[in-house]
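Input: a single structure, listed below in structure tokens.
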Protein chains: 2
Amino acid sequence: MAIKPSCLSPHQIEAVLKRSGINPTAQRIAICRFVLCDAEHPSAEDVKVWVDQNFPKMSLATVYNTLKILVEAGLLRELRLPHSEAVLYDNNLNAHYHFLDEETGELLDVDPVDVRLEPALSEAYQIHSVEVLLRGTRNPA
Amino acid sequence: MAIKPSCLSPHQIEAVLKRSGINPTAQRIAICRFVLCDAEHPSAEDVKVWVDQNFPKMSLATVYNTLKILVEAGLLRELRLPHSEAVLYDNNLNAHYHFLDEETGELLDVDPVDVRLEPALSEAYQIHSVEVLLRGTRNPA
DNA sequence: ATTAGTGCAAAGGATTTGCATAAAG
DNA sequence: CTTTATGCAAATCCTTTGCACTAAT
């Protein structure tokens with residue numbers, strides 16, 4: 001429903017990191033390969049699992065450090081959702097909402113256009129941002 | 001913007017608990033006095049602070065146990081919001097959304113009517129519930 | 001040499017758990 | 001007596017921190 005950023009090559013990742021003022025170490029590039037591309041709302045633990053298979057010996061602290069750096073650089077967004085204890089990381093930088101499939105646990109991006117939300121609060125309220133979580137199920141096509 | 005449940009007397013609380021199949025112990029009634037009435041989205045820690053002044057010697061475990069029981073009984077709802085590590089407890093049982101005042105940290109209830117949200121997803125998506133968090137600031141009247 | 005980045009293990013906060021004691025019927 | 005609730009401390013989960021070590025200028 002929303003457009004996912006297309007995958008980046010390691011070379012492109014390096015460029016992205018540099019452009020954001022982040023020193024593109026091997027560890028950081030590795031994490032980005034997962035977290036900026038393939039991953040779908042991974043937790044730090046998910047990242048660690050991937051990393052263990054693709055970049056042995058990386059420490060959990062480095063995973064957390066890198067994720068924090070990426071968030072601070074605006075390349076990733078933190079997602080704290082009610083159904084999960086852990087923080088999830090979102091590589092979709094477009095404004096969007098989320099749909100949680102309660103049967104599968106899948107978390108899908110939702111285009112705000114499809115939600116038609118028009119706050120009509122008193123003028124005393126100035127809204128800076130809106131977060132929406134839809135919970136439900138999907139029919140098999 | 002939304003109607004808060006009116007406060008209950010200890011006697012009424014006892015009745016409410018019994019009706020929900022909860023043994024109305026002194027500790028539980030005490031917690032309910034705060035959490036079903038005066039409290040505004042308290043965390044377990046907030047509850048503990050209140051309890052320490054109004055029911056000395058109650059253990060933190062009892063606070064957590066009781067909150068869990070109240071949630072399971074449907075007398076309270078859990079609220080996990082992005083701005084707070086801790087779970088907050090909501091005694092407003094009506095469907096509602098939230099507004100977070102980013103200046104004061106205050107969390108206000110918002111009537112869904114004031115948000116005008118009409119999801120228009122494909123029919124494959126069946127929505128069971130909607131959570132909305134508005135972030136912003138309020139003008140001084 | 002200096003600086004930045006990494007790994008490891010310990011610490012931290014929020015919540016849960018296990019178990020012995022206390023309260024209630 | 002028997003059951004249930006409570007208190008306390010230890011354990012757990014996720015995340016951060018401190019610090020020594022390595023890598024790269």
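Atoms considered below: every heavy atom in the structure, side chains included; atoms not considered: hydrogens, waters and symmetry mates. Residue numbers start from 1 in every chain, and the chains themselves are labelled A, B, ... in the order their sequence lines are given, proteins ahead of strands.
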Between A/Thr62 and C/dT6, does any side-chain N or O lie under 4.0 Å from OP1 or OP2? no
With a 4.0 Å cut-off on N to O distance, would you call A/Lys68 and A/Glu72 a salt bridge? no
Which whole-number value in Å describes the distance from A/Met58 CE to D/dC21 P? 22 Å
NZ of A/Lys57 versus C1' of D/dA23: gap in Å, rounded? 18 Å
Could you state whether A/Leu107 and A/Val71 fall into the same hydrophobic cluster, counting links through intermediate Ile, Leu, Val, Met, Phe, Trp or Tyr residues with side-chain heavy atoms under 4.5 angstrom apart? no
Side chain of A/Arg28 only, heavy atoms from C-beta on: which candidate in C/dT6, C/dG7, D/dT15 is closest? C/dT6
Please say yes or no: joined through hydrophobic side-chain contacts below 4.5 Å, possibly via intermediate residues, are B/Leu100 and A/Leu133 part of one cluster? no
NA contact type, A/Glu45, heavy-atom cut-off 4.0 Å: base, sugar-phosphate, or nothing? nothing
Gap between atoms CD and P, on A/Glu85 and C/dG13 respectively (whole Å): 18 Å
Quick check: are there more than 12 heavy atoms from other residues, nucleotides or ligands sitting under 6.0 Å from NE2 of A/His11? no
Whether A/Gln27 contacts C/dG7 is assessed here as follows: a side-chain N or O lying under 4.0 Å from the phosphate OP1 or OP2. Is that the case? yes
What is the distance, rounded to the nearest whole Å, between atom CZ of A/Arg80 and atom C1' of C/dG13? 12 Å
Tell me: CG of B/Asn65 to P of C/dG18, nearest whole Å? 12 Å
So A/Phe34 and A/Trp50, would you call those rings parallel, tilted or perpendicular, with 30° and 60° as cut-offs? parallel
Any side-chain N or O of A/Thr25 below 4.0 angstrom from OP1/OP2 of C/dA4? no
Does D/dT16 have its OP1 or OP2 closer than 4.0 Å to a side-chain nitrogen or oxygen of A/Tyr64? no
Heavy atoms under 4.0 Å, any strand shown: does B/Ala61 hit a base, just sugar-phosphate, or nothing? base
D/dC14, C/dT6, C/dT17: which one has an atom nearest the side-chain heavy atoms of B/Lys68? C/dT17
Without decimals, in angstroms, what is the distance between A/Leu60 CG and C/dA11 P? 17 Å
Between D/dA24 (P) and A/Lys18 (NZ): distance, integer Å: 14 Å
B/Lys48 NZ to C/dG13 P, in whole Å, measures 16 Å
C/dG5 phosphate, OP1 or OP2: any side-chain N/O from A/Asn23 under 4.0 angstrom? yes
Of all the choices, D/dT17, D/dC8, D/dA5, which nucleotide is nearest to the side chain of B/Ser59 once you look at every atom? D/dC8
